[in-house]
Structure formats: C-alpha cells, structure tokens
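The structure appears below as structure tokens.
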Amino acid sequence: MDVTIEPATPDRWDDVVTVFGSRGDPARCWCTYLFGDRVDYSDRVGNQEHLRRMVAGPTPPGLLAYSGDTPVGWVAAAPRPLFGRRLARSPALKPLPYQGTVWSVLCFVVPRAHRGKGVAHALLAGAVDRARSGGAAAIEGVPRDDRTGKHWPNPVAYTGTASMFEAAGFAEVERRRDDRVVYRLVL
C-alpha cells in the first residue's frame with residue numbers, strides 16, 4: 001500500500017474520527033489513556049473530546065496515514081511532555097532519562113481493513129521523520145516483544161512490536177518485563 005503521513009491537525013479531525021471508528025478499544029480510549037491523567041472507558045464522548053482538544057492545540061499529538069485520500073492509520077507520537085503524568089507513573093511505559101528532547105511513540109491504530117499492509121511501519125517512519133524535523137535528540141517506544149514467537153492480538157499490541165521498531169533502526173535499551181521492551185533511536 002502506498003501511504004503518506006501527515007500530522008493530526010484540526011483540519012484533519014474528521015480523519016482522526018474515521019480511523020478511531022465507533023467500535024473496539026480505540027473508540028473507547030481515544031488515546032486518553034496516554035494523554036490524560038485519568039481515563040473512563042465508558043465515557044467515549046469525553047475521551048473523544050479530550051483528544052479533539054489536543055489535536056486543536058499547538059503541537060499535534062500524533063500522525064495520520066493516508067492511502068490516497070483515505071485515512072488508514074494513526075500513531076500517537078509527540079514530545080514526551082505532551083503525554084502528561086500517566087507516562088511517568090506507568091511501570092511499563094515510563095520514559096528513561098536522556099539528555100535533550102525526547103519524543104515518544106506509543107499508540108498505533110490501524111483499522112482492520114488496512115492491517116498487514118505496512119501502515120504501522122509507515123507511521124513509525126513518519127514519527128521518526130517528524131521527531132527529527134522537530135529537533136528531537138531521540139525518539140522512544142515501548143513495544144511488545146514479538147520476537148519470542150508469541151503472537152500479540154491487536155488490542156494488546158497497540159504500542160507496536162519489537163520487530164517493527166528494530167526494522168526502523170531502533171535499539172533495545174531496557175527490558176521492563178518479558179513482553180515490554182524500551183526502544184530508542186538517537187536522531
């Protein structure tokens with residue numbers, strides 16, 4: 001699939017809504033788990049509004065993938081401070097110390113019809129490009145380790161997979177659990 005990557009800006013809000021859809025985990029969370037201090041999965045409207053306000057802010061909280069004019073994916077990728085306190089408190093997702101500005105790439109949403117076509121890989125490459133052009137010293141992610149032979153269902157692998165990060169040039173810098181690995185790419 002030929003994919004282009006664009007920042008999630010207010011004029012693309014309808015495309016964000018299209019990608020998140022109306023069913024499944026993305027339609028409940030709206031990345032509020034990552035960007036908010038608390039999340040209520042039963043409050044879909046409130047969570048959607050929270051992300052809408054973030055998209056309307058000065059720093060886009062993520063990127064959209066397009067096949068032609070059709071939105072086919074999302075990734076939450078932004079400077080660490082945009083993610084709020086939840087990141088610092090999470091045993092699995094907390095950032096590692098680093099000198100300079102670090103971006104985090106933490107949540108991929110690819111609708112079922114577009115999976116397996118390289119959309120998540122293109123989103124990760126786009127996140128690297130955007131972090132680099134934004135002056136970041138490094139970009140980090142905390143994907144699931146798929147190199148053990150374990151298959152992670154899509155809702156569990158929302159942070160990506162280790163093999164995808166390795167293919168993009170990231171290096172493992174810390175193992176949190178058997179299934180969570182911190183990857184960093186120095187820019």
**Q.** Side-chain H-bond candidate by donor/acceptor type, R12 with T9, under 3.5 Å
**A.** yes

Q) What do the steps show when you test R176 against E174 for side-chain contact (heavy atoms from CB on, under 4.5 Å), and what is the final call? A) CA-CA 6 Å; R176 297 271 162 85; E174 184 177 282; 2.6 Å; yes

Q: Kindly determine whether R28 and D25 satisfy side-chain contact (heavy atoms from CB on, under 4.5 Å), including the steps that lead there.
A: CA-CA 5 Å; R28 286 190 293 275; D25 289 339; 2.2 Å; yes

Q: Mind listing the closest non-hydrogen atom pair of L63 and P7 along with its distance?
A: CD2-CA, 3.7 Å

Q.
Quick check on R89: does its CZ atom have over 12 non-hydrogen neighbours (other residues, nucleotides or ligands) under 6.0 Å away?
A. yes

Q) If you measure from SG on C29 to CG on D43, what distance do you get to the nearest 0.5 Å? A) 11.5 Å

Q: Taking only Lys NZ, Arg NE, NH1 and NH2, and the carboxylate oxygens of Asp or Glu, determine whether E172 and R147 approach each other closer than 4.0 Å.
A: yes

Q: Decide whether L34 and W74 are clustered together by the hydrophobic rule: side chain heavy atoms of Ile, Leu, Val, Met, Phe, Trp, Tyr closer than 4.5 Å, transitively.
A: yes

Q: Specify the closest pair of heavy atoms between A162 and P143, including all atoms of both residues, with the distance to one decimal.
A: N-CB, 3.7 Å

Q) Looking at V75, V142, L123, T159, which hits side chain to side chain contact (heavy atoms under 4.5 Å, CB included) with V105? A) V75

Q.
Is there a side-chain contact between V55 and P60 in this structure, where contact means two heavy atoms from C-beta onward sitting under 4.5 Å apart?
A. no

Q: Please lay out, stage by stage, how V16 and D14 fare under the test side-chain contact (heavy atoms from CB on, under 4.5 Å).
A: CA-CA 5 Å; V16 174; D14 289 344; over 6 Å; no

Q) What are the two closest non-hydrogen atoms of C31 and A76, and how far apart are they? A) SG-CB, 4.1 Å

(Q) Would you say L93 ends up clustered with L82 if hydrophobic residues are merged whenever their side chains have heavy atoms under 4.5 Å apart, either directly or through other cluster members? (A) yes

Q.
Check for me whether the distance between the ring centres of F108 and Y158 falls short of 6.0 Å.
A. no

Q: Decide yes or no for L124 and M164: does some side-chain heavy atom of the first lie under 4.5 Å from some side-chain heavy atom of the second?
A: yes

Q: Determine the minimum heavy-atom distance between P71 and H114, stating which atoms define it.
A: O-NE2, 4.5 Å

Q) Between V19 and W30, is there a shared hydrophobic cluster once you connect ILVMFWY residues whose side-chain heavy atoms come closer than 4.5 Å? A) yes

(Q) Using 30° and 60° as the class boundaries, would you call the ring planes of F170 and F165 parallel, tilted or perpendicular? (A) perpendicular

Q | OG-NE2 distance between S163 and H121, expressed to the nearest 0.5 angstrom | A | 6.5 Å

Q) Do the side chains of L51 and F83 join up, straight or via other hydrophobic residues, at under 4.5 Å, putting them in one cluster? A) yes

Q: Please round to the nearest 0.5 Å and tell me the distance separating atom CG of N47 and atom CZ of F20.
A: 10.5 Å

Q) Quick check: are there more than 12 heavy atoms from other residues, nucleotides or ligands sitting under 6.0 Å from CG of D11? A) yes

Q) So, E6 and Y66: side-chain donor and acceptor under 3.5 Å apart, yes or no? A) no

(Q) Within this structure, what is the CZ-CD distance for the pair R80 and E140, rounded to the nearest 0.5 Å? (A) 4.5 Å

Q: Would you check if the side chain of R130 reaches a backbone N or O of I5 as a donor-acceptor pair within less than 3.5 Å?
A: no

**Q.** Contact summary for F35 and M54, nearest pair of heavy atoms
**A.** CB-SD, 3.2 Å

Q. To the nearest 0.5 Å, how far apart are OG1 in T101 and CD1 in I139?
A. 12.5 Å

Q) To the nearest 0.5 Å, how far apart are CG in D145 and CZ in R180? A) 11.0 Å

**Q.** For V119 against G73, the heavy-atom pair lying closest together
**A.** CG1-CA, 4.1 Å

Q: Using the rule that two of Ile, Leu, Val, Met, Phe, Trp, Tyr join whenever any of their side-chain heavy atoms come within less than 4.5 Å, decide whether V128 and V186 are in one cluster.
A: no

